[in-house]
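Have a look at the structure below before the remarks.
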Amino acid sequence: MEEKAKILTEEEAIQQEFQTLQNEYKQTAHRQKIEIITKAFNFANAAHKGIRRRSGEPYIMHPLAVARIVVGEIGLGSTSICSALLHDVVEDTDYTVEDIENLFGPKIASIVDGLTKISGGVFGEHASEQAENFRKLLLTMSEDIRVILIKIADRLHNMRTLGSMPTAKQLKIIGETLYIYAPLAHRLGLFPIKTELENLSFKYEHPDTYAMIEQKIAADKAARMEFYDQFSAPINKKLTALGYQFVLTARIKSVYSIWKKMSTRNIPFEEIYDLLALRIIFKPKPDISEKEQCWLIYSAITEIYKPHPERIRDWISTPKANGYEALHVTVMGQDGQWVEVQIRSERMHEIAEKGLAAHWKYKTGEHDESELDKWLKAIKEMLKHPEPNAIDFMDTFKLNLFASEIFVFTPKGEIKTLPQGATALDFAFMLHSDLGLRCIGAKVNHKLVPLNYVLKGGDQVEVLTSKKQTPQKEWLNFVTTARAQSRIKVYFRREERLRMLQGEKALKIEMGKLELPLDTENLNKLLSYYKVLSKNELMRQIGYGNLNLSELPKALIKPKKQENFLWRYLKLPFTSSNNNSTSTTAAPALPKKENNIILTEENADKQYQLAPCCRPIPGDNIMGYLDDSGVVIIHKRQCPIATKLKTNFGSRIVTAEWQTHKVFSFVETLEVRGIDKMGVIIEILKIISGKYSMNIKALKVESEAGIFTGTFEIYVHDTEEIKELCENIRKIKEVNSVQRIEKQ
């Protein structure tokens with residue numbers, strides 16, 4: 001009876017969740033198609049019957065949750081809701097895409113097919129070895145953007161239920177989320193989802209730090225809200241007097257963005273001064289443009305508070321590439337605190353919250369092409385010339401994902417959008433590939449600049465070309481955009497293929513003169529003599545004129561008695577005879593993975609090594625990466641290299657725990673700032689060397705205008721020692737801040 005009651009309760013919970021989905025859908029402005037949504041739910045519910053998630057709940061609760069995100073948080077309609085409900089049916093049951101098409105039509109079937117292709121493929125266990133899988137994600141995105149929007153909703157729900165996963169799996173999912181999904185959500189204008197994905201990733205990766213920041217935000221809440229009430233009261237009064245209908249809201253900086261600021265600037269929580277921002281969402285008046293009304297509201301606010309002259313962000317004259325529009329101004333509050341005020345119309349706010357879906361809703365005509373439309377076109381174009389290597393391909397694509405934009409002008413005054421940090425050469429390639437390939441320089445604001453000149457917002461750029469110009473290898477260091485990198489690499493791949501053919505032709509002619517065949521035996525002799533690893537490389541070097549073919553008789557007819565060069569490389573797997581110039585290195589068989597490694601003094605350098613890029617010490621949040629030799633490389637979880645490893649080699653990630661016994665010492669750097677009073681450095685040294693008996697490797701102290709900055713490189717055993725040391729140094733009256741300089 002108990003089991004029956006449990007089944008009934010679960011069934012009731014499922015029906016209740018579906019009813020909530022319907023209620024949320026009914027509140028939208030979409031044409032109501034309840035019948036097909038009910039049909040999709042009943043089909044999915046029957047298909048997933050008896051299947052459970054790792055958390056123990058019925059599997060159908062996951063598609064329902066994804067569908068609720070799709071309608072409630074992204075704002076999509078019935079086609080997307082049905083696709084979300086059905087997104088795992090083909091992957092996890094015996095039903096096919098054809099079955100879906102017969103029951104629900106070609107459009108829903110096409111989206112479900114796209115979701116099925118990328119479900120295990122893009123970031124599956126071997127995704128890093130399969131460039132094709134990542135291209136599938138981009139292809140489906142460029143064909144129907146709803147595929148990636150539903151995929152982001154799917155990822156968001158997986159992140160919300162990440163607690164049921166083992167730690168190693170959590171780290172892999174977090175790596176993917178921060179590396180691809182959060183940037184994609186940002187690029188598509190889904191700011192609340194992007195923020196939640198980042199916060200959840202941070203919460204599971206650094207639980208203690210997350211809890212500490214959350215606690216400090218909560219502790220300041222009463223004082224912060226009191227300040228907000230005082231700050232917003234005169235604005236409220238002024239806008240009401242001007243006859244506006246509006247909503248004022250306080251926006252608190254996310255835990256993840258606070259931590260990023262603390263990490264990058266090496267500052268404590270107490271020195272984050274822009275925790276609070278004020279958002280004004282107004283209902284526009286008729287007969288006057290939204291843009292004019294934003295500036296009128298700006299004028300009203302700056303009559304009350306003094307604006308910061310260098311912190312005005314005008315995203316209404318030129319919206320961001322993801323469609324974001326708003327006017328931001330930072331003003332000085334009553335107590336001398338800077339506060340950012342964001343001014344948006346209701347339309348702008350919906351686009352800021354719902355991104356692409358809302359942008360489509362407000363389109364005015366066929367020729368209303370946004371920066372997002374241009375970006376999707378650029379994806380299609382990039383897929384024509386993809387990187388052969390999967391990791392390079394992902395990196396190239398990601399270059400443009402999360403970059404801030406700048407706006408520059410052509411000589412005729414047209415506005416062009418580029419990522420921040422883009423160069424004159426990037427601009428040339430953005431206009432046209434031929435312009436980029438023949439570019440010799442540029443004029444910026446009528447002054448001659450080199451190819452690697454970094455553009456600034458507002459620059460007017462004229463590209464200079466020459467028919468005699470050809471791309472150079474160093475150009476890859478001059479460009480930052482995916483388009484430019486892709487075009488330059490395509491050029492060199494073609495160039496190298498041509499050189500290989502020329503080299504092979506020249507070699508065959510010379511071999512013919514010696515009346516010798518170009519067979520395997522002779523090829524191996526040549527590889528050994530010229531110390532080249534593959535046939536492709538040999539032909540390429542001959543084509544470039546780097547090898548002297550007059551030495552062929554010496555290499556083939558009277559070879560010296562020498563160690564076979566190739567023998568030393570037998571352990572290096574490589575492929576040789578394909579026409580692609582980029583040789584593919586196959587990884588050796590992966591050693592058996594341990595689920596968890598305990599880090600002790602005894603197994604150091606045998607079973608594990610500390611990564612030199614971030615140099616973790618006991619107490620740091622860490623993860624392990626199993627390398628080809630079976631040694632686990634230990635990284636800090638926030639290390640950028642670790643993020644890439646989690647994304648691209650998820651099957652090699654292992655969890656790691658410290659169990660050292662204060663035998664090993666590690667060099668860590670402390671930065672101490674304070675008032676430069678006589679004897680203060682001696683007091684700090686007394687604490688380091690006297691109280692804690694720590695050895696100092698290096699010490700540097702600089703003083704300017706009565707403020708000193710001291711950098712101490714000291715030997716410590718773990719993070720607990722650093723924490724205690726910092727707390728004691730902070731007790732010195734003249735010391736203002738003490739920070740561990742993190743290596744990332």
Side-chain angles (χ1 to χ4, degrees), residues 191 216-217 220-254 257-258 260-262 264-265 267-285 288-320 324-349 352 404-407 420 456-458 673 675 704-707 736-737:
F191 293 108
K216 291 197 173 189
I217 291 172
D220 288 349
K221 186 177 180 182
R224 196 167 51 245
M225 295 319 293
E226 186 182 341
F227 169 79
Y228 165 75
D229 290 339
Q230 290 173 358
F231 178 82
S232 61
I235 295 175
N236 201 329
K237 188 177 177 182
K238 185 82 173 175
L239 295 184
T240 304
L242 290 171
Y244 277 102
Q245 292 180 41
F246 61 93
V247 175
L248 295 184
T249 57
R251 186 193 66 84
I252 306 297
K253 208 173 188 69
S254 74
S257 60
I258 290 169
K260 284 292 278 186
K261 203 163 191 177
M262 288 167 64
T264 52
R265 297 192 185 177
I267 56 174
F269 176 86
E270 289 69 26
E271 290 182 29
I272 306 283
Y273 296 116
D274 58 345
L275 281 178
L276 184 72
L278 174 72
R279 185 173 288 158
I280 301 168
I281 304 160
F282 68 93
K283 189 181 184 72
K285 295 178 181 179
I288 180 168
S289 73
E290 287 183 5
K291 181 178 175 180
E292 285 179 79
Q293 290 181 72
C294 284
W295 284 109
L296 286 169
I297 292 170
Y298 163 85
S299 181
I301 292 164
T302 52
E303 279 179 25
I304 305 166
Y305 298 115
K306 288 279 186 289
H308 192 302
E310 294 175 9
R311 291 180 68 180
I312 296 170
R313 300 287 179 265
D314 177 9
W315 301 115
I316 48 174
S317 300
T318 318
K320 285 188 179 184
Y324 180 81
E325 292 176 71
L327 183 58
H328 294 191
V329 58
T330 301
V331 297
M332 179 74 78
Q334 296 101 323
D335 61 352
Q337 186 175 330
W338 290 109
V339 181
E340 185 182 74
V341 180
Q342 302 174 352
I343 305 165
R344 301 175 178 173
S345 69
E346 290 174 337
R347 178 190 63 83
M348 293 173 188
H349 181 66
S404 300
E405 298 94 8
I406 59 167
F407 303 103
Q420 200 161 28
K456 294 183 281 295
R673 291 170 61 85
I675 297 164
E704 187 178 346
I707 302 294
N736 183 44
S737 68

Spacing of [X] atom [atom1] and [Y] atom [atom2] [to the nearest 0.5 Å]:
X: E340; Y: I312; atom1: CD; atom2: CD1; answer: 11.5 Å
X: R279; Y: F246; atom1: CZ; atom2: CZ; answer: 16.0 Å
X: M332; Y: T302; atom1: CE; atom2: OG1; answer: 14.5 Å
X: I343; Y: W315; atom1: CD1; atom2: CH2; answer: 15.0 Å
X: D229; Y: R224; atom1: CG; atom2: CZ; answer: 12.0 Å
X: E325; Y: S317; atom1: CD; atom2: OG; answer: 10.0 Å

Which heavy atom of [X] sits nearest a heavy atom of [Y], and at what distance?
X: A250; Y: L276; result: CB-CD1, 3.8 Å
X: P234; Y: I304; result: O-CD1, 3.6 Å
X: C294; Y: L327; result: O-CD2, 3.7 Å
X: Q293; Y: I288; result: NE2-O, 3.0 Å
X: K253; Y: I217; result: O-CD1, 4.5 Å

- I281 and Q342: CA distance, side-chain angles, deciding distance, side-chain contact (heavy atoms from CB on, under 4.5 Å) verdict: CA-CA 8 Å; I281 304 160; Q342 302 174 352; over 6 Å; no
- Message: Once salt bridge (Lys or Arg N to Asp or Glu O under 4.0 Å) is applied, what residue pairs with a partner in residues 305-315 remain, sequence neighbours excluded?
- Response: none
Non-hydrogen side-chain atoms of [X] and [Y] separated by less than 4.5 Å:
X: I280; Y: I297; value: yes
X: V331; Y: W338; value: no
X: L248; Y: N236; value: yes
X: T249; Y: V247; value: yes
X: E292; Y: W295; value: no
X: I316; Y: Y298; value: no

- Take the angle between the ring planes of Y305 and F231 and call it parallel below 30°, perpendicular above 60°, tilted in between. parallel
- Tell me whether the guanidinium CZ or amine NZ of K285 lies under 6.0 angstrom from the six-membered ring centre of Y244 and within 45° of its axis. yes
- Query: Would K238 and E303 pass as an ion pair if we require N to O under 4.0 Å?
  - Reply: yes
- Message: Taking atom CZ as the centre, does R251 end up with more than 12 heavy-atom neighbours from other residues, nucleotides or ligands that are less than 6.0 angstrom away?
- Response: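 Buried by this count: over 12 neighbours within 6.0 Å.
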- Message: More than 12 heavy atoms of other residues, nucleotides or ligands under 6.0 Å from CD of Q245: yes or no?
- Response: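 No, CD of Q245 has 12 or fewer neighbouring heavy atoms, counting only those of other groups under 6.0 Å.
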- Message: Is there a side-chain contact (heavy atoms from CB on, under 4.5 Å) between V339 and F227? Walk through the geometry before answering.
- Response: CA-CA 11 Å; V339 181; F227 169 79; 3.6 Å; yes
- State, without any angle test, whether E290 and S345 hold a side-chain donor-acceptor pair at a distance under 3.5 Å.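 Present: a donor and an acceptor within the cut-off.
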